[in-house]
J.: 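Below is one structure. I have some questions about it.
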Amino acid sequence: MRVGVPKEIKNHEYRVGLTPGAVREYVAHGHEVLVETGAGAGIAADDAAYVAAGARIADTAAEVFATADMVVKVKEPQPGEWTQLRPDQILFTYLHLAPDPEQAKGLMASGVTAVAYETVTDARGHLPLLAPMSEVAGRLSIEAAGAALKAYNGGRGVLLGGVPGVQPARIVVLGGGVVGTHAARMAVGLGAEVTIIDRSIPRLRELDELFHGRVRTRVSTLESIEQEIGEADAVIGAVLIPGASAPKLVTRPMLKLMKPRAVLVDVAIDQGGCFETSHATTHADPTYEIDGVIHYCVANMPGAVPLTSSHALNNATLPYGLALADRGVAAIDADPALKEGLNVQGGRIVNRVVAEALGFD
């Protein structure tokens with residue numbers, strides 16, 4: 001199979017679909033890999049590194065899309081990309097279709113078979129291809145909160161860890177999954193006071209044991225959310241319903257409960273965001289203010305650390321990508337995990353949760 005890797009074109013996206021090490025694995029399996037020139041610049045992998053790994057370099061993205069049997073990316077295809085996809089192609093990347101009906105329509109019109117990293121589900125119900133970026137985003141969310149809290153960025157001027165004699169920042173994490181756990185780990189490590197809110201009592205028990213009582217845990221209710229965000233210096237939105245739009249846990253009226261110049265970091269923004277007032281931002285212009293509250297809603301947070309992110313992502317995606325390259329669409333029928341990842345095929349949305357979120361059959 002010919003596997004194509006175009007350069008990412010989303011704003012300030014520096015990750016790459018395949019690292020040179022991953023290319024070597026595809027080539028060792030007998031596949032041809034076509035990489036757009038400069039695709040690996042963000043991870044300090046020049047064209048020569050890809051050639052040494054066995055790839056062929058394409059001068060343009062158009063050549064990649066026109067000749068590849070499978071296109072491997074990181075972020076969802078942009079309008080200029082989805083129009084280049086074909087019915088006989090496989091697209092393997094993050095899609096996040098639930099809040100993006102235009103992309104969904106574009107992929108349906110193309111006829112492509114699209115497998116989304118974020119809905120590939122293993123036998124234990126885990127999301128192995130979403131997990132590495134959730135780990136990165138969770139850790140980055142605390143760095144983002146710390147930056148947004150600085151006075152010169154419009155924030156409250158609070159140091160996350162405080163100093164002796166001065167209380168640290170209060171961080172509230174909505175969601176105790178992968179993102180929330182890694183956000184709490186970073187925040188606790190910096191000395192912040194951390195509360196995790198989740199609707200699962202068994203998960204809260206696990207978190208209490210994991211952190212040895214260093215974080216407070218609360219069951220998610222309207223009352224607990226209102227109480228905690230009212231005392232918070234920063235709130236991390238870390239909720240996830242796989243494939244579906246994120247629930248709006250903090251409404252606009254709730255912002256009036258928050259401290260002036262407190263910070264909201266919406267890590268769920270790829271799925272539409274879990275704050276009612278969220279809208280996607282970029283690394284070039286990451287924050288905005290509504291009702292005195294600073295919002296950070298960058299939709300590709302891990303793109304800020306592409307070297308770490310690309311290698312972590314490739315570690316997870318490689319076996320699934322090789323299966324698709326080795327067997328084509330037949331790999332999807334043979335692997336329940338890939339079948340859960342299948343979002344678009346034959347001009348239809350075929351993942352039930354995604355279809356329901358979009359209002360499609």
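No hydrogens, no waters, no symmetry mates; every other heavy atom, side chains included, goes into these values. Being a predicted model, the structure only gives us computed values, none of them experimental.
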J.: Should Leu307 and His311 count as side-chain neighbours, where that means a heavy-atom distance under 4.5 Å?
T.: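 In short, these two side chains touch, coming nearer than 4.5 Å.
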J.: List in chain and number order the residues that pass side-chain contact (heavy atoms from CB on, under 4.5 Å) with Asp291, two or more places apart in sequence or in another chain; answer none if no residue qualifies.
T.: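 Here the qualifying residues are Arg252, Leu255, Lys256.
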J.: Under a 4.5 Å cut-off applied to non-hydrogen side-chain atoms, are Glu118 and Leu240 in contact?
T.: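 Of all side-chain heavy-atom pairs linking Leu240 with Glu118, none is under 4.5 Å.
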J.: Are the side chains of Val178 and Glu135 in touch, meaning some heavy atoms are under 4.5 Å apart?
T.: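 Contact flag for Val178/Glu135 side chains = yes.
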J.: Kindly give the heavy-atom pair with the smallest separation between Val350 and Val344, and that separation in Å.
T.: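 Nearest pair, atom of Val350 first, then Val344: CG2-N, 4.0 Å.
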J.: Within the structure provided, determine whether Leu18 and Val35 are in side-chain contact (heavy-atom separation under 4.5 Å).
T.: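 Not in contact.
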J.: Identify the residue among Leu107, Val112, Leu91 that makes a side chain to side chain contact (heavy atoms under 4.5 Å, CB included) with Trp82.
T.: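 Per the side chain to side chain contact (heavy atoms under 4.5 Å, CB included) rule, the option paired with Trp82 is Leu107, out of Leu107, Val112, Leu91.
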J.: Looking at every heavy atom in both Pro6 and Ala61, which two are closest together, and how far apart are they?
T.: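 Reported closest heavy-atom pair: CB-CB, 4.5 Å.
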J.: Is a donor on one side and an acceptor on the other found under 3.5 Å between the side chain of Gln84 and the backbone of Gly80?
T.: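 Such a contact is found between Gln84 side chain and Gly80 backbone.
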J.: To the nearest 0.5 Å, what is the distance between CD (Glu209) and OG1 (Thr217)?
T.: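 Reported to 0.5 Å precision, the distance equals 11.0 Å.
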J.: Tell me whether the rings of His29 and His31 are parallel (<30°), tilted (30 to 60°) or perpendicular (>60°).
T.: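 Aromatic pair His29/His31 classed parallel.
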J.: Please round to the nearest 0.5 Å and tell me the distance separating atom CE of Met258 and atom CG of Leu264.
T.: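 Those atoms lie 4.5 Å apart.
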J.: Any pair with a residue in residues 313-325 that passes salt bridge (charged side-chain N to carboxylate O under 4.0 Å, His left out), sequence neighbours left out, goes on the list, sorted by first then second residue, please.
T.: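 Sorted result for residues 313-325: empty, none.
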J.: Below 4.5 Å, heavy atoms only, C-beta onward: do Cys297 and His279 meet side chain to side chain?
T.: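 No, every pair of side-chain atoms sits at 4.5 Å or beyond.
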J.: If you take all heavy atoms of Ile236 and Ser141, which pair is closest and at what distance?
T.: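 Answer, listing the atom of Ile236 first, then Ser141: CG2-OG, 3.6 Å.
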J.: Side-chain contact test, heavy atoms from C-beta onward, threshold under 4.5 Å: evaluate it for Asn300 versus Arg15 and give yes or no.
T.: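 Result yes, sub-4.5 Å side-chain heavy-atom pair found.
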J.: Write down the atom of Ser310, the atom of Thr19, and the distance for their closest heavy-atom approach.
T.: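 Scanning both residues completely, I find the closest heavy atoms to be O-CG2, 4.0 Å.
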J.: To the nearest 0.5 Å, how far apart are CG in Leu322 and CE in Met1?
T.: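 Atom-to-atom, Leu322:CG and Met1:CE are 11.0 Å apart.
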J.: With the side chain counted from C-beta on, respond yes when Thr195 and Ser224 share a heavy-atom pair under 4.5 Å apart, and no when they do not.
T.: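 Counting from C-beta outward, Thr195 and Ser224 never come under 4.5 Å.
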J.: Under 6.0 Å from the NZ atom of Lys7, do we count more than 12 heavy atoms belonging to anything else shown?
T.: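 Counting neighbours around NZ of Lys7, 12 or fewer heavy atoms of other residues, nucleotides or ligands fall under 6.0 Å, so no.
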J.: Decide whether Val267 and Ile197 are clustered together by the hydrophobic rule: side chain heavy atoms of Ile, Leu, Val, Met, Phe, Trp, Tyr closer than 4.5 Å, transitively.
T.: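 Per the 4.5 Å side-chain linkage, Val267 and Ile197 are not co-clustered.
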J.: Please check if the side chain of Glu8 supplies one atom and the backbone of Val74 the other of a donor-acceptor pair under 3.5 Å.
T.: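 Present.
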J.: Answer yes or no: is there a side-chain heavy-atom contact under 4.5 Å between Ile332 and Leu324?
T.: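 Yes, side chains in contact.
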J.: For Val219, is there any backbone N or O sitting under 3.5 Å from a side-chain donor or acceptor partner on Asp198?
T.: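 No, because the side chain of Asp198 does not come within donor-acceptor range (under 3.5 Å) of the backbone of Val219.
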J.: What's the separation between atom CG in Leu204 and atom CZ in Arg216, rounded to the nearest 0.5 Å?
T.: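 If we round to the nearest 0.5 Å, Leu204:CG and Arg216:CZ are 12.0 Å apart.
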J.: So with a 6.0 Å cut-off around CZ of Arg203, is the heavy-atom count from everything else above 12?
T.: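 Yes, enclosed.
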J.: Show me the donor-acceptor pairs, under 3.5 Å and distance only, between side chains in residues 151-177 and residues at least two apart or in other chains.
T.:
| unit_1 | atom_1 | unit_2 | atom_2 | d |
| --- | --- | --- | --- | --- |
| Asn153 | ND2 | Ala147 | O | 2.8 |
| Arg156 | NE | Asp233 | OD1 | 2.9 |
| Arg156 | NH1 | Pro260 | O | 3.1 |
| Arg170 | NE | Glu193 | OE2 | 3.3 |

J.: Is it true that His295 and Asp266 share a donor-acceptor pair across their side chains at a distance under 3.5 Å?
T.: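 Side chains of Asp266 and His295: no pair found under 3.5 Å.
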J.: Checking Glu356 now: which residues fulfil salt bridge (charged side-chain N to carboxylate O under 4.0 Å, His left out) with it, not counting sequence neighbours?
T.: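 Counting only residues at least two positions away or on another chain, Glu356 forms a salt bridge (charged side-chain N to carboxylate O under 4.0 Å, His left out) with Arg352.
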J.: From Leu127 CG over to Ser134 OG, what is the distance, rounded to the nearest 0.5 angstrom?
T.: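 Atom-to-atom, Leu127:CG and Ser134:OG are 7.5 Å apart.
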J.: Between Tyr117 and Tyr94, how do the two ring planes meet: parallel, tilted or perpendicular, split at 30° and 60°?
T.: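 Rings of Tyr117 and Tyr94: perpendicular, over 60°.
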J.: Can you list everything that forms a side chain to side chain donor-acceptor pair (under 3.5 Å) with Asp46? Sequence neighbours excluded, please.
T.: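 Here no residue qualifies.
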J.: What pairs meet the salt bridge (charged side-chain N to carboxylate O under 4.0 Å, His left out) rule with one or both residues in residues 57-67, with sequence neighbours excluded?
T.: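 Passing the test, one end in residues 57-67: Arg56-Glu63.
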J.: For the atom pair CD1 (Ile269) and NE2 (His96), what is the distance rounded to the nearest 0.5 Å?
T.: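 Ile269 CD1 to His96 NE2: 11.5 Å, rounded to 0.5 Å.
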J.: Surrounding CZ of Arg348 (heavy atoms of other residues, nucleotides or ligands, distance under 6.0 Å), is the total greater than 12?
T.: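 No, CZ of Arg348 has 12 or fewer neighbouring heavy atoms, counting only those of other groups under 6.0 Å.
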J.: Which atom pair, heavy atoms only, marks the closest approach of Phe360 to Ala104?
T.: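 Phe360 and Ala104 have their closest heavy atoms at CE1-CB, 4.1 Å.
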